[in-house]
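Below is one structure, written out as structure tokens; the observations come after it.
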Amino acid sequence: MTRVAAHGETGEQVQTVTIACAQSEVEALWRDPDKLSSVFGDEVGIRVIDGGVFEWTLSTGPDEIESWWSKLVDTGDSLRFVTYIKDAEYKDSDRGARSAELAVRFREAPNERGTELSLSTTSRLPAIFTTTFLFGALYRARALLQTGEVPTLAHNPSARDSAH
């Protein structure tokens, strides 16, 4: 079953990490849907569809998939994934979704330690985007940029069934 994503609480959720990489490398990761899919983990799949729209598919349970569409807006010091309304029917039925966004902000970290990266949600994004989930995504993004891989237990025989 596929449906348009349910929304969580209103308000802003923010998480920040420092990544020992140049800002250009950090920014490039957030423009690449394949790398973003690995950063957000097994629950989220991301691809670019026609017109530069990012389609986010969110696994919310067995046989349940929700979708969220966004446009990428570059503001110079940040990238914003702003809700894109795909269907007029959805637009009329869920006005609160129009202002939802996931914002990625970059700035030089103190003492030449790389890039300080903040990830925030505003308004009503799909319910999966909690502060804990955002921190996990930032943790995996930092690992991918600094080591070239995302931490996983998939090849560990003691891993949970969901990691295989």
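Since this is a predicted model, take the numbers as computed values, not measurements. Side-chain atoms are counted along with the backbone in the values below, which use heavy atoms only and exclude waters and symmetry mates.
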Item checked: Non-neighbouring partners of Thr16 that pass side-chain hydrogen bond (donor to acceptor under 3.5 Å, both in side chains), sequence neighbours left out ->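 In terms of side-chain hydrogen bond (donor to acceptor under 3.5 Å, both in side chains), with neighbours along the sequence ignored, Thr16 is linked to Ser118.
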Are [X] and [Y] side-chain neighbours, meaning at least one heavy-atom pair lies under 4.5 Å?
| X | Y | result |
| --- | --- | --- |
| Tyr139 | Val17 | no |
| Glu55 | Ile46 | no |
| Glu116 | Pro110 | yes |
| Leu117 | Arg105 | no |
| Leu119 | Val14 | no |
| Thr57 | Trp68 | no |
| Ser78 | Arg80 | yes |
| Phe106 | Leu79 | yes |

Can you name the nearest heavy-atom pair linking [X] to [Y], along with the distance?
| X | Y | answer |
| --- | --- | --- |
| Lys71 | Val53 | CE-CG2, 3.8 Å |
| Val39 | Ala141 | CG2-CA, 3.8 Å |
| Thr115 | Ala22 | OG1-C, 3.4 Å |

What distance do [X] atom [atom1] and [Y] atom [atom2] have between them, rounded to the nearest 0.5 Å?
| X | Y | atom1 | atom2 | answer |
| --- | --- | --- | --- | --- |
| Leu58 | Ser67 | CG | OG | 7.0 Å |
| Asp77 | Gln23 | CG | CD | 8.0 Å |
| Gln15 | Ser120 | CD | OG | 10.5 Å |
| Phe40 | Leu134 | CZ | CG | 7.0 Å |
| Phe81 | Phe54 | CZ | CZ | 5.0 Å |

Next item on the list: Please step through side-chain contact (heavy atoms from CB on, under 4.5 Å) for the pair Ile49 and Tyr84, ending with a clear verdict.
Entry: CA-CA 12 Å; Ile49 57 177; Tyr84 171 77; over 6 Å; no
Check: Just by distance, do the side chain of Ser38 and the backbone of Lys35 share a donor-acceptor pair under 3.5 Å?
Finding: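 Yes; at least one donor-acceptor contact below 3.5 Å.
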Margin query: Main chain of Arg113, side chain of Asn111: is a donor-acceptor contact present, judged purely on distance under 3.5 Å?
Written below: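 Absent.
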Notebook entry, point to check: Taking Arg31 as the fixed residue, which of Val104, Asp74, Leu36 is the one that meets the side-chain contact (heavy atoms from CB on, under 4.5 Å) rule?
Noted result: Asp74
Notebook entry, point to check: How about Gln146: does its CD atom have over 12 heavy atoms from other parts shown lying under 6.0 Å from it?
Noted result: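 Yes, CD of Gln146 has more than 12 neighbouring heavy atoms, counting only those of other groups under 6.0 Å.
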Next item on the list: Verify the neighbour count for atom CZ of Arg107: are there more than 12 heavy atoms of other residues, nucleotides or ligands below 6.0 Å?
Entry: no
Next item on the list: State whether Asp34 and Arg47 are salt-bridged, where the test is any N-O pair (Lys NZ or Arg NE/NH1/NH2 against Asp/Glu carboxylate O) under 4.0 Å.
Entry: no
Note to self: Please tell me whether Trp56 and Ser70 have a donor and an acceptor in their side chains that are separated by less than 3.5 angstrom.
What the structure shows: yes
